[in-house]
Amino acid sequence: MLRTHTCGELREEHVGERVTVCGWVQNRRDHGGLLFLDLRDRYGVTQVVADPDAGDAAAAADRVRLEWVVRATGTVRARPDENRNPDRATGAVEVMLDEFEVLSRADPLPVAVTGAERSAEELGLRYRYLEMRRPEVLRALETRAHVNRVIREFVHENGFVEVETPILLRSTPEGARDYLVPSRVHPGAFYALPQSPQLLKQLLMIGGLDRYWQIARCFRDEDLRADRQPEFTQLDIEMSFVDEDDVQALMESLLRRLVSEITGQDIALPLRRMSYAEAMARYGSDKPDLRFGLEIHDVSDVLAECAFGVFSGAVRDGGIVRCIALGPDHTLSRKQLDALPAVVVDRGARGVAWVKVREEGWSGPAARHLSDGEREALTAATGCAPGGTLLFLAGPRRIVEPAAGDLRLHLGKTFGLRDPRRFEALWIVAAPLFESDPESGRLLAMHHAFTAPRAEDVALLEREPLAVRARAYDLVLNGDEIAGGSIRIHDRELQSRIFGLLGISEKDAEHRFGFFTEALRYGVPPHGGIAWGLDRVVASLAGREQIRDIIAFPKTTSAADLMCQAPATVDEDQLAELHIGVTPDA
RNA sequence: GGGGGUGUAGCUCAACUGGUUAGAGUACCAGACUGUCGAUCUGGAAGUUGCGGGUUCGAGUCCCGUCACCCUCGCCA
């Protein structure tokens, strides 16, 4: 070892010991005679003092510059009381230098490693290995490793078998766009990178593995967001001879352990189960953030006959009116009220009507249209009190519900109600099995084509497919969907019916999933599972908004790696070998 | 593919309505200084204002185009 101690561990108990520490020079303070160096490594910062009496060592130390890598040997000394640094774990001691070695010199850095100001994200991505030296980045990567470690312990205790599934797979046209890999041996043929190991884990159940897990890298060629990378990581789990309660009970105990281990906080089990319909109605979202209230009230009936045409008209046209009631402690300025329509316009909502509730009477643009009876009924429905504000959205359900959800989140943000130190989780269950494609009117699988319908809804499959509920469950933490799964179809007849409803013919199914549908003929255990979006889990536990922060080498929103400059063009020879010709962009 | 934001010294940022030689902090270079921890003090070097075009006597600033990054809608079974 080049060192006897790290830069984070020296304390008063080490006083008098001769030690060697290695690290990056984070700061140097040159007093002409005395020289102070702050040496940094992953574990902390230690002050090294070079006294002119140290001779060659002091002279060598005098020549160092920021971010050089050095090795310093000396005796640990207690600092005089007035020179202690209480902000630093090692601040009671310092190393009196007697031997010094420069391990590596450094040019001035192109990104800011120390200090409060962080360099532009573009630079941080280009020089990710330098930005990584920032303690908060190192901490995030440590948190990620900690999460993985807790998961490994958990799945081991619970009898899961880790299986690695192929990265080079077959493309299946459903779902997201695939990343493709050309085959050299088979001209014109391509592998696809997995969007998730869905079919493979079901096949593992058919193979009798019973309990499978894997930390699986997944790839989707779609546009990116703060919480979406082209390659991302799933904790993938599948279990045989279970129902949804079994999967949920086990998985929520894993969540509880993760939250406890990473943040020291406790979440109460069992988690609440909320139906998809209830979540959409009360929170306007299939992933409600339960850290704050501001629930959405259905006031359609109350305002069905309202003199205000925006309300009554919406109801008459089969739509709904939704209301959020703000208490006296949450007031919005006129400017803030005027800015609300911009929050919901993305969802197609026309605007936000508002009323101020006052002892002396109601005011605001919508107030004069409300009859005394309607005011009474609104007060009863929303619990609004004098000093409060009522916000209304009216229109078709498919627009108003999510718009009200966006509005609720906006208000939660505005009033600082989303406490980053709190963790509120729940299950969203009984989502529809299908949704209707707004363009073609075709049925689409809401989760995926292998999700089982609820037994009591199977009779509705052909008659009223949109009413069929799935045996699916999503795990939501602080408004993020962190895991989603389902009980799968293990009956080949039922699977054929579902394919039929999705417009996948017998022949199509044979062509696309033949290997899988055939497997359904040979004895399938009832099974189900779940996939966790591990990046989001880690980001949430680490209190980060962007998953880029908890990925060692992330990509940009155009799916580029600024560090290694991927993607990049390749030699003509390579293309020829792969039987590929590139068409110039028109 | 659409909408919004950002782009000035190695880094973080200034530059009023278009107007002198584009400034400051920090890093870097040189010097001074024996208890600092954002050390201090003195001096120096450092710029294709993302790129291209246009308007103007004059453009960092206005206009058009383009590129990169960030946020977002669509998309992500």
Side-chain angles (χ1 to χ4, degrees), chain A residues 26-40 45-54 58 65-67 77 79-88 90-91 94 96 106-127 130-131 172-178 195-196 198-199 218-230 232 342-343 345-348 402 406 431 433-435 437-439 442-451 470 472 481 484 486 498 502 504 512 531 533 545-546 548 554-560 562:
Chain A
Q26 172 164 301
N27 198 2
R28 70 190 282 278
R29 293 175 294 277
D30 185 352
H31 286 250
L34 277 182
L35 172 72
F36 300 95
L37 296 181
D38 289 339
L39 254 50
R40 183 197 69 240
V45 178
T46 292
Q47 174 164 288
V48 173
V49 187
D51 190 281
D53 297 344
R65 291 297 180 264
L66 299 193
E67 297 302 315
R77 189 171 82 167
R79 299 200 204 175
D81 281 346
E82 65 275 19
N83 291 330
R84 291 175 173 231
N85 185 342
D87 299 330
R88 204 171 266 173
T90 61
E94 59 197 2
M96 292 302 294
D107 289 346
L109 262 46
V111 296
V113 166
T114 58
E117 54 192 25
R118 190 163 169 173
S119 290
E121 289 194 64
E122 198 171 348
L123 279 171
L125 292 174
R126 165 80 178 81
Y127 297 100
L130 295 180
E131 178 153 76
T172 52
E174 300 275 302
R177 205 174 289 118
D178 283 319
Q195 297 180 22
S196 84
Q198 181 60 35
L199 293 179
C218 303
F219 306 85
R220 293 180 189 174
D221 187 4
E222 298 291 347
D223 286 344
L224 308 184
R225 292 286 188 284
D227 62 350
R228 269 166 27 194
Q229 283 272 304
F232 62 100
V343 176
V345 74
D346 277 347
R347 297 289 189 176
D406 283 359
L433 187 64
F434 302 111
E435 59 188 335
D437 183 343
E439 282 164 32
R442 273 183 50 213
L443 287 181
L444 299 174
M446 193 134 158
H447 193 50
H448 54 57
F450 314 100
T451 299
E481 184 199 322
S486 64
I498 301 288
L502 291 170
I504 303 171
R512 298 174 186 181
E545 297 280 334
Q546 304 181 330
R548 269 193 302 274
K555 292 184 173 56
T556 68
T557 43
S558 62
L562 295 181

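A note on names: the letters A, B, ... follow the listed sequences, proteins ahead of strands, and every chain is numbered from 1.
- Figure legend. rU56(B) is base-paired to no nucleotide; pairs are counted as Watson-Crick or G-U wobble with both atom distances under 3.5 Å.
- Across the protein-nucleic acid pair, Arg225(A) atom CZ and rC70(B) atom P stand 12 Å apart, rounded to whole Å.
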Please write out the pairs of protein N or O atoms and N or O atoms of nucleotides 6-13 of chain B separated by less than 3.5 Å, giving the distance to one decimal.
{"residue": "rC11(B)", "atom": "O3'", "partner": "Ser119(A)", "partner atom": "OG", "Å": "3.2"}
{"residue": "rU12(B)", "atom": "OP1", "partner": "Ala120(A)", "partner atom": "N", "Å": "2.6"}
{"residue": "rU12(B)", "atom": "O2'", "partner": "Glu117(A)", "partner atom": "OE1", "Å": "3.0"}

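- Judged purely by atom type and a 3.5 angstrom limit, Arg79(A) has no side-chain atom pairing as donor or acceptor with the backbone of Arg84(A).
- Base pairing of rU40(B) is made with rA32(B), judged by Watson-Crick or G-U wobble geometry with both donor-acceptor distances under 3.5 Å.
- At a threshold of 4.0 angstrom between heavy atoms, the contacts of Arg548(A) are confined to the sugar-phosphate backbone, with no base atom among them.
- Backbone-only contact: Ala226(A) has heavy atoms under 4.0 Å from sugar-phosphate atoms and none from a base.
- Residues that satisfy the side-chain contact (heavy atoms from CB on, under 4.5 Å) test with Ala449(A), not counting sequence neighbours, are Phe499(A), Leu502(A).
- Under the side-chain hydrogen bond (donor to acceptor under 3.5 Å, both in side chains) criterion, Arg88(A) pairs with Asp38(A), not counting sequence neighbours.
- Among the atoms of the strands shown, only primed sugar atoms or phosphate atoms (P, OP1, OP2) are found under 4.0 Å from some heavy atom of Leu66(A).
- Regarding Asp437(A), its CG atom lies at a distance of 10 Å from the P atom of rC76(B), rounded to whole Å.
- Across all strands shown, Asp221(A) has no heavy atoms under 4.0 Å from either base or sugar-phosphate atoms.
- Taking atom C1' on both rA68(B) and rA15(B), the two are 24 Å apart, rounded to the nearest angstrom.
- With sequence neighbours left out, the side-chain contact (heavy atoms from CB on, under 4.5 Å) criterion links Glu222(A) to Ala176(A), Arg177(A).
- Every residue meeting the side-chain hydrogen bond (donor to acceptor under 3.5 Å, both in side chains) condition with Ser486(A), not counting sequence neighbours, appears here in chain and number order: Thr451(A), Arg488(A).
- At a threshold of 4.0 angstrom between heavy atoms, the contacts of Thr451(A) with the nucleic acid are absent.
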May I have the list of side-chain donor-acceptor pairs in residues 115-122 of chain A shorter than 3.5 Å, sequence neighbours left out?
{"residue": "Arg118(A)", "atom": "NE", "partner": "Glu131(A)", "partner atom": "OE2", "Å": "3.0"}
{"residue": "Ser119(A)", "atom": "OG", "partner": "Ala112(A)", "partner atom": "N", "Å": "2.8"}
{"residue": "Glu121(A)", "atom": "OE1", "partner": "Arg548(A)", "partner atom": "NH2", "Å": "3.4"}

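- Residue Arg79(A) is in base contact, counting any heavy-atom pair closer than 4.0 Å across all strands shown.
- At a threshold of 4.0 angstrom between heavy atoms, the contacts of Glu94(A) include nucleobase atoms, whether or not backbone atoms are also involved.
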